[in-house]
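Inspection log for the structure reproduced underneath, given as C-alpha cells.
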Amino acid sequence: MTQCFSLTETRTRCYMSTFTGSGLRSTITDFKDGTVMHCWVPKTRTESKPNLLLIHGLGANALWQWGDIIRNLTPFFNVYVPDLIFFGESYSTRPERTEKFQAECVMRVLEANSVKKVSLVGLSYGGFVGYSMAAQYSEVVERVVVCCSGVCMEEKDIKDGLFPVSDLEEAINILVPQTPKKLKELLGYSFFKPPRWLPHCFLYDFIEVMCMDYIEEKRELVRIIAKGRKLSDLPKICQPTLIIWGEHDRVFPLELGHRLKRHLGEQAQLVVISNAGHAFSSEKTKEFYQNLKSFLMDLQPPAEKSP
C-alpha cells in the first residue's frame, strides 16, 4: 500500500526527536560476524549516574515502546536502549533465535560502550532477554525489572489452555501481524480497553512500516521461546527483582507473574497494576514509572499489590 503520508513514520520521527532531546544518540555496532545492532546511548555519559538498560518486546521498535517514558529516566540514569535482533536497524545472518543469543548481543553492545554495571527493564519478550542476561552475566546486571514476561511459562501451558489462543501458529500470526484483522486482534489482547475504532488505513500503514521486515525470523523467535520450555530448566537469578504485571493481561496471564514470584522467592516483589492489560506501560504510564522509580532510584521495593 503506497501513500504520501505515513502517520506511523511521522510518530517515529517524533519519538526520535524525544530520544535526542533526552540526551541520547543513535549508534550502530557491527560485530563483524554477520550481526549488527542499533542502540540509543547517552550523548555524554555521566559517571556519577547509574546505568539503565531498556529492552523492548515484540511489535514495534524500541522508539515506540519506550518513547512515552524516556524523558523521565534520562535525568537519573545513563540510559541504553537497543533494538533487538530483527527489529529496527538490528539484524543478523547467524541462525540463532534464542533469547540467550539476543542477550549475548545486547551484552556485546554494552561492552562496546564500556558499561561495567547495569540495571535492566525488560518488556514482554524483552523480559525473556533481560532474564537471560541476568542469569548469564550476574556480575554485570545489578537489578532486574521483569514486565509482563512469561519467562516461567512451559510448552505444555499452550495446550493446557492457560493462554486465550491454544494453537501456537495462530498465536504467532497475531503476535507478528500481517493484516489489519490480526493487528486489531493483537491490540484487543494487549489492552484492557483497546481502541474502539481504528481506520484500516492506519492499520495498513503501521503494518507496512513496522511489521514487514524479518517476518519469518520474528516468527521463529516466538517458536523458540515455547519449544521444550520447562520451569525446571529455568535458572533462579540472584539479583533483586521487581515483577510488574497488568491485572487483565491476556498475552501472558497473571498466573505467570505469580509463578515467577514463587520461583524467585524472597528477592522478588510482584506488583499488579489494576485495570490494565499486557500494554500497561502505555495504559498506566505514570504508575509504571512510579514503580520503576521506587525500585531503581529509591532502591526500595514497591509495596506488593495483588487484586
Side-chain angles (χ1 to χ4, degrees), residues 1-19 24 26-41 54-67 80-106 108-109 122-129 168-187 189-190 198 200-226 251 279 282:
M1 178 180 177
T2 303
Q3 54 188 19
C4 296
F5 174 76
S6 168
L7 183 60
T8 306
E9 290 181 346
T10 299
R11 188 167 183 181
T12 297
R13 288 193 290 271
C14 290
Y15 282 139
M16 290 179 68
S17 178
T18 298
F19 270 56
L24 302 179
S26 173
T27 66
I28 294 289
T29 304
D30 188 344
F31 298 156
K32 307 299 183 183
D33 63 355
T35 303
V36 171
M37 282 204 76
H38 173 262
C39 187
W40 291 90
V41 306
L54 304 178
I55 312 177
H56 68 83
L58 295 174
N61 57 26
L63 282 169
W64 276 65
Q65 297 194 32
W66 296 109
Y80 298 82
V81 193
D83 280 317
L84 294 175
I85 302 296
F86 306 124
F87 295 88
E89 298 178 61
S90 300
Y91 64 89
S92 179
T93 59
R94 292 175 60 176
E96 294 94 334
R97 301 290 183 264
T98 65
E99 66 258 38
K100 182 176 184 291
F101 173 64
Q102 294 270 17
E104 291 167 354
C105 291
V106 175
R108 291 173 74 179
V109 170
L123 282 178
S124 193
Y125 177 71
F128 286 85
V129 178
L168 179 59
E169 290 305 310
E170 176 60 20
I172 289 171
N173 288 334
I174 297 171
L175 292 169
V176 189
Q178 296 299 294
T179 66
K181 179 182 177 182
K182 291 302 179 186
L183 180 53
K184 287 182 73 174
E185 286 185 54
L186 178 58
L187 293 172
Y189 285 120
S190 298
L198 285 172
H200 268 226
C201 61
F202 171 75
L203 298 172
Y204 274 116
D205 177 53
F206 184 87
I207 290 168
E208 186 172 279
V209 175
M210 287 289 174
C211 305
M212 297 304 292
D213 294 330
Y214 305 110
I215 297 168
E216 187 53 37
E217 289 86 350
K218 291 174 182 175
R219 288 171 172 164
E220 290 173 5
L221 295 178
V222 181
R223 291 188 188 105
I224 290 296
I225 284 176
V251 176
S282 296

Can you tell me how far the [atom1] atom of [X] sits from the [atom2] atom of [Y], to the nearest 0.5 Å?
{"X": "Asp83", "Y": "Met37", "atom1": "CG", "atom2": "CE", "value": "7.5 Å"}
{"X": "Glu89", "Y": "Ile28", "atom1": "CD", "atom2": "CD1", "value": "4.5 Å"}
{"X": "Ile172", "Y": "Arg219", "atom1": "CD1", "atom2": "CZ", "value": "8.0 Å"}
{"X": "Thr98", "Y": "Glu104", "atom1": "OG1", "atom2": "CD", "value": "7.0 Å"}
{"X": "Leu203", "Y": "Cys211", "atom1": "CG", "atom2": "SG", "value": "10.0 Å"}
{"X": "Asp205", "Y": "His200", "atom1": "CG", "atom2": "NE2", "value": "13.5 Å"}

According to the interplanar angle, ranging from 0 to 90°, do the rings of Phe87 and Tyr125 count as parallel (below 30°), tilted (30 to 60°) or perpendicular (above 60°)? tilted
Using 30° and 60° as the class limits, which term best fits the ring planes of Tyr214 and Tyr91: parallel, tilted or perpendicular? parallel
Please give me the minimum heavy-atom distance between [X] and [Y], naming the atom from each residue.
{"X": "Ser124", "Y": "Gly57", "answer": "CB-CA, 4.5 Å"}
{"X": "Ser90", "Y": "Leu84", "answer": "CB-O, 3.3 Å"}
{"X": "Glu185", "Y": "Ile174", "answer": "OE1-CD1, 3.4 Å"}
{"X": "Leu221", "Y": "Ile85", "answer": "CD1-O, 4.2 Å"}
{"X": "Leu7", "Y": "Phe202", "answer": "CD2-CD1, 3.6 Å"}
{"X": "Phe86", "Y": "Ser92", "answer": "CE2-O, 3.5 Å"}

Apply side chain to side chain contact (heavy atoms under 4.5 Å, CB included) to the pair Gln178 and Met212, showing each step before the final yes or no. CA-CA 7 Å; Gln178 296 299 294; Met212 297 304 292; 3.3 Å; yes
Is any side-chain heavy atom of [Y] closer than 4.5 Å to one of [X]?
{"X": "Val109", "Y": "Tyr80", "result": "no"}
{"X": "His56", "Y": "Leu123", "result": "no"}
{"X": "Arg11", "Y": "Val209", "result": "no"}
{"X": "Phe101", "Y": "Ile224", "result": "no"}
{"X": "Thr8", "Y": "Trp64", "result": "yes"}
{"X": "Glu169", "Y": "Arg223", "result": "yes"}

With Phe19 via side-chain contact (heavy atoms from CB on, under 4.5 Å) - residues at least two apart: Leu24, Trp40, Leu63, Trp66, Ile70, Val81
Counting N and O atoms only, with roles assigned by atom type, does the side chain of Ser17 sit under 3.5 Å from a partner on the main chain of Arg13, one being a donor and the other an acceptor?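 Checking the backbone N and O of Arg13 against the side chain of Ser17, no donor-acceptor pair under 3.5 Å is found.
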Would you mind listing every salt bridge (charged side-chain N to carboxylate O under 4.0 Å, His left out) that reaches into residues 55-64, with sequence neighbours excluded? none
Geometric cation-pi criterion Arg108 and Phe31, 6.0 Å radius, 45° cone: yes
Does Lys182 NZ have over 12 foreign heavy atoms under 6.0 Å away? yes
Decide yes or no on side chain to side chain contact (heavy atoms under 4.5 Å, CB included) for Leu183 and Leu198, but give the supporting numbers first. CA-CA 10 Å; Leu183 180 53; Leu198 285 172; over 6 Å; no
